[in-house]
Structure formats: structure tokens, C-alpha cells
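Take a look at the structure below.
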Amino acid sequence: MSFESLGLLPELLRAVREQGYETPTPIQIQAIPLVLEGRDLMARAQTGTGKTAGFTLPLLQRLAPQANTSASPARHPIRALILTPTRELAMQVEESVRTYGKYIPLRSTTIFGGVNINPQTKALRAGAEILVATPGRLLDHQGQGNLNFSQLEVVILDEADRMLDMGFIRDIQKIIALLPVNRQTLLFSATFTDEIKQLASKFLKNPASVQITPLNTAAELVRQVVHPVDRERKRALLAHLITSRKLEQVLVFTRTKHGANRLSEQLDKDGISSMAIHGNKSQPQRIKALEDFKKGAVRVLVATDIAARGLDIDMLPHVVNYELPQVPEDYIHRIGRTGRAGSEGEALSLVCVDEHRLLKDIEKLLRKELPKDVIQGYAPDPSIPAEPIQTGRQGGGGGRSRGPARAARPSSGQTPRGERGRHPARTSPRGK
Ligand code: AMP
């Protein structure tokens with residue numbers, strides 16, 4: 001199968017060629033013809049499958065006939081809206097739009113929270129056919145009268161499951177209510193939960209359904225190991241694994257921002273170059289951390305799930321679950337960052353007594369037990385009792401945790417507000 005045979009415009013084929021892509025990925029093969037036909041689409045595909053090009057290429061093609069170089073904003077109404085859960089993903093999606101749309105005179109712009117609204121307002125006023133947005137900030141702009149969706153033809157919900165996880169359901173409903181009924185709707189999600197199906201049945205019309213890398217297949221491509229260890233010895237074990245096995249480019253997941261910061265600082269002290277990336281970091285800080293990690297200047301990137309979500313980090317050799325996620329599906333997202341495109345990858349999980357139930361949940365989702373490997377010198381002490389897990393998610397404004405309610409450990413110094421509640425796209429005042 002070639003990109004040519006998918007019926008894409010020469011302008012798009014040229015841009016794709018310049019990216020060095022030789023063949024379309026499975027999601028592209030399935031999604032592109034359906035989107036070109038104008039069908040609504042419900043696609044199960046995670047990051048790393050090429051899903052972004054899977055919707056961006058046919059979107060550009062559908063909008064191309066009316067593309068123009070006029071300077072008048074009126075000639076550049078919003079014709080497509082792409083909703084994403086995070087600003088990182090919004091930036092990356094828009095980057096893809098620019099990359100693949102390089103030879104088609106369509107304009108795009110991004111709006112997300114956590115940054116000054118005025119430049120975004122200016123860009124909106126100048127006109128852009130393709131708008132990439134996080135839900136909260138989009139509603140801010142709507143409240144300020146900066147948006148007109150009367151010409152909208154296509155809406156894309158990217159990483160819809162994550163948007164629901166982050167508590168954006170009401171925002172999404174409000175946004176969809178602003179759009180013309182006569183439109184094409186595409187929904188991309190790594191999982192097809194009942195909630196996602198409900199969302200789809202409400203907003204999609206007779207959708208075609210495509211499924212790429214079902215959960216289990218994705219997980220099976222990655223060598224997964226659990227290292228049982230005591231809570232207090234996790235850091236020592238991590239440092240030991242990294243140095244003794246000479247691991248490079250290690251993406252480490254923690255549950256909380258505070259935990260990410262602390263671990264990153266401690267690793268640095270251990271002589272292992274490290275950076276943390278999470279929702280409290282400024283945009284330039286996050287971009288710098290990611291760039292340093294990608295080029296190998298930083299050995300370990302410590303991330304929370306939300307910060308890592310949607311980051312374009314390909315084919316990582318090692319992913320470490322320093323703490324297991326509260327939501328078992330997040331485990332799949334995390335390990336999906338390794339072993340991509342047939343390369344070898346491994347996912348190590350450092351699991352302490354507090355996390356046995358989380359591990360069980362993950363194994364239930366995977367429908368298999370993960371191999372356990374006790375590292376010599378780090379065997380857990382069976383006399384240590386389990387403690388409640390601090391999620392860092394209590395009291396988040398509008399965020400919804402699918403995990404069981406657990407008490408925060410007051411001694412940890414962890415602030416009770418969670419990353420979800422603090423998501424920048426949701427904190428700015430609504431201009432209504
Ligand atoms: P995504 O799943 O959209 O996050 O894409 C994951 C990565 O795959 C990105 O770095 C893309 O540039 C890359 N990619 C997308 N389509 C192709 C393709 N057909 N061949 C090779 N790489 C691709």
C-alpha cells in the first residue's frame with residue numbers, strides 16, 4: 001500500500017515524501033479513505049500509530065478546494081476544529097497540520113491555556129481555517145466573542161478518552177453545541193470505554209469504526225517486567241538499574257508533579273542527568289526538557305501521565321513505571337512509548353506493597369500476569385505494611401479520577417490539588 005494509492009493530492013504526497021514516510025501506517029490506510037469520503041469516524045488508535053497524519057492528511061484534502069491566499073480574514077473562516085486534551089498535543093497537532101499542509105494555502109492556529117490570551121485573539125481575528133484547541137481556552141475565547149463556527153465543516157476529538165479523564169466532558173458538550181449540525185465528526189481514542197461509546201453515539205452520525213493495535217497487542221510487543229521493591233528503596237533501585245544496565249533515554253513515570261520534581265532532583269544528585277516535565281512547568285521549560293532528552297543531553301525524563309500524554313517521543317528503549325498509575329489504561333499509554341515500529345522496548349515497573357491492587361488491575365486489563373523479578377539486594381521487606389497511595393488528585397476542579405478514592409498522606413508535603421484540577425486550560429477565568 002502506498003500513499004499514492006490512498007488518493008491523496010500531489011501537494012500532500014509531496015509533503016509526506018519530504019517527511020521520509022514510505023508507506024502509510026495501518027491507521028492511515030484505514031482512516032484516510034473514510035475521512036476523504038466524508039464519513040464520521042470512530043478510531044481506536046494510540047499515540048505512535050501515525051494517527052495524527054491519519055486525520056490531518058484527509059482533513060487538509062477536504063479543505064483544499066477552497067484554500068486561498070487572500071489576506072482578508074473573511075476568506076479564512078474556521079472550517080475545522082481539532083480538540084486535544086493538552087497544550088503539548090495541541091502544539092504537536094498544529095505542527096503536523098503545518099508540515100503536511102505546507103503546499104496548500106490553508107491557515108492554522110492553536111489556542112490553549114496557561115499563556116496570554118491576546119496573541120491568540122489576534123491570530124483568530126486574522127483568520128484560520130484550522131483551529132487546534134484545548135477545551136477550556138476555547139470556551140474562554142467563545143465567551144469573548146472571538147470565535148465563529150458557522151462555516152465549520154469538520155470537528156476532530158483527539159485523544160477523546162483523555163479529555164474525558166481530565167474532566168472535559170461538559171466543556172466538550174458545550175463546544176459541540178456551538179458547531180453546525182451538518183458537519184463531519186472524527187473521534188480518536190486509545191480506548192473504547194462505555195463513556196467514549198456514549199459520547200460517540202451522541203455526536204457522531206453513522207460512524208465508521210476502525211481499530212488499530214488493540215490494547216493487548218500493543219502491550220505484547222513490549223518486554224514487561226515488575227521489580228518488587230520497598231517504597232523507600234525505589235529511587236535507589238532505579239539508580240541501580242540505570243547505572244548497572246547503562247540505560248540511556250529512560251522515560252520515568254511518577255504519579256504526581258511533586259514526586260516527579262523530587263525524583264528528578266535526587267537522580268541528578270546521584271549523578272544521573274534528569275529533568276522533570278509536568279503541568280506546573282512553563283511551556284519553554286517543557287520544550288527544553290523534551291529537546292534535551294531527545295538529543296540525549298538528559299538521560300532521564302521524569303514525567304506525569306498528563307504531561308507525557310501526546311508528546312512526540314518515538315521508540316524509546318526504556319519506560320519505567322516508578323509508580324504504577326491509578327488508572328490501568330494509563331499503564332498501556334505509558335508503555336506504548338517504547339518498542340514502537342518494531343524496535344525493541346522494555347517497560348520496567350517498580351512496585352511496592354502499596355501498589356499490589358493497582359498491579360492486579362493492570363494485569364486484569366492485560367489479561368495476563370506480568371513477570372516478577374526481584375533484584376538482588378532490593379528484595380522487599382515483608383513486614384512493611386501497605387499505606388494508602390497519594391494520588392495528588394484530590395479536590396481538582398472538575399477533574400474526575402477513575403481510581404478509588406484514597407487519602408493523601410499528609411506527611412508527604414504533597415499539595416492536595418491535583419494536576420487534573422490545575423490543568424492550565426481550565427484555570428483561566430471564563431470570559432463570560
Ligand atoms: P502519532 O501517532 O500521530 O503521534 O505519530 C507518531 C509518529 O509517527 C510521528 O513522529 C510521525 O511523524 C510518525 N509517522 C506518521 N506517519 C508515518 C508513516 N506513514 N511512516 C513513518 N512514520 C510516520
Side-chain angles (χ1 to χ4, degrees), residues 8-9 11-16 18-19 21 28 31-32 35-36 47 50-142 146-159 163 175 178-180 183-186 188 283 287 310-312 425:
L8 292 171
L9 294 169
E11 290 88 339
L12 294 170
L13 292 173
R14 186 172 165 202
V16 163
E18 285 178 9
Q19 287 303 297
Y21 304 164
Q28 291 161 4
I32 290 173
V35 180
L36 288 179
T47 307
K51 69 178 165 72
T52 316
F55 62 73
T56 307
L57 289 168
L59 172 70
L60 288 162
Q61 179 143 339
R62 284 181 63 74
L63 303 184
Q66 287 159 62
N68 66 84
T69 52
S70 162
S72 159
R75 297 287 312 277
H76 302 278
I78 300 171
R79 298 175 57 206
L81 168 65
I82 305 172
L83 282 177
T84 71
T86 65
R87 53 179 164 178
E88 277 83 6
L89 189 59
M91 282 165 62
Q92 284 170 16
V93 168
E94 204 224 358
E95 183 64 39
S96 294
V97 169
R98 286 180 192 270
T99 301
Y100 306 130
K102 198 168 160 191
Y103 300 109
I104 299 177
L106 288 165
R107 296 185 186 172
S108 60
T109 193
T110 329
I111 56 178
F112 46 73
V115 294
N116 189 336
I117 200 165
N118 296 331
Q120 297 176 355
T121 304
K122 232 172 120 183
L124 287 171
R125 298 225 166 111
E129 283 88 351
I130 301 170
L131 176 62
V132 188
T134 54
R137 181 53 69 91
L138 184 142
L139 288 173
D140 292 344
H141 280 287
Q142 171 65 19
N146 298 337
L147 296 169
N148 176 350
F149 289 117
S150 61
Q151 307 290 309
L152 183 119
E153 296 162 46
V154 187
V155 60
I156 299 169
L157 306 175
D158 193 14
E159 305 205 347
M163 287 199 275
I175 291 165
L178 302 169
L179 310 179
R183 56 159 205 268
Q184 184 178 18
T185 308
L186 315 179
F188 285 76
Q283 191 105 319
I287 292 167
L311 286 186
D312 191 12

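All values derive from a computational prediction rather than experimental measurement. The first residue in the sequence is number 1, and the count goes up from there.
Legend: residues meeting side-chain hydrogen bond (donor to acceptor under 3.5 Å, both in side chains) with E94, ordered by chain and number and at least two apart, are R98, S108, T110. Applying the side-chain contact (heavy atoms from CB on, under 4.5 Å) criterion to N118, with sequence neighbours excluded, gives N116. Every residue two or more places apart in sequence or in another chain was checked for a salt bridge (charged side-chain N to carboxylate O under 4.0 Å, His left out) with E95, and none qualifies. In this view, E18 and K102, Y103 satisfy the side-chain hydrogen bond (donor to acceptor under 3.5 Å, both in side chains) rule, not counting sequence neighbours. Not counting sequence neighbours, Y100 has no partner by the ring pair (Phe, Tyr, Trp, His ring centres under 6.0 Å) test. Residues that satisfy the side-chain hydrogen bond (donor to acceptor under 3.5 Å, both in side chains) test with E11, not counting sequence neighbours, are absent from this structure. When the side-chain contact (heavy atoms from CB on, under 4.5 Å) test is applied to A80, the partners found at least two apart in sequence or on another chain are L59, L63, I130, V154. Under the rule for a salt bridge (charged side-chain N to carboxylate O under 4.0 Å, His left out), K122 has no partner lying at least two apart in sequence or in another chain. Among residues two or more places apart in sequence or in another chain, the side-chain contact (heavy atoms from CB on, under 4.5 Å) test is passed with P77 by R79, Q151. With sequence neighbours left out, the side-chain hydrogen bond (donor to acceptor under 3.5 Å, both in side chains) criterion links T121 to N146. Scored by the side-chain contact (heavy atoms from CB on, under 4.5 Å) test, S70 finds N68, S72, R75, H76 as partners (sequence neighbours excluded).
Every pair passing ring pair (Phe, Tyr, Trp, His ring centres under 6.0 Å) that includes a residue from residues 51-75 is listed here, sequence neighbours excluded: F55-F188.
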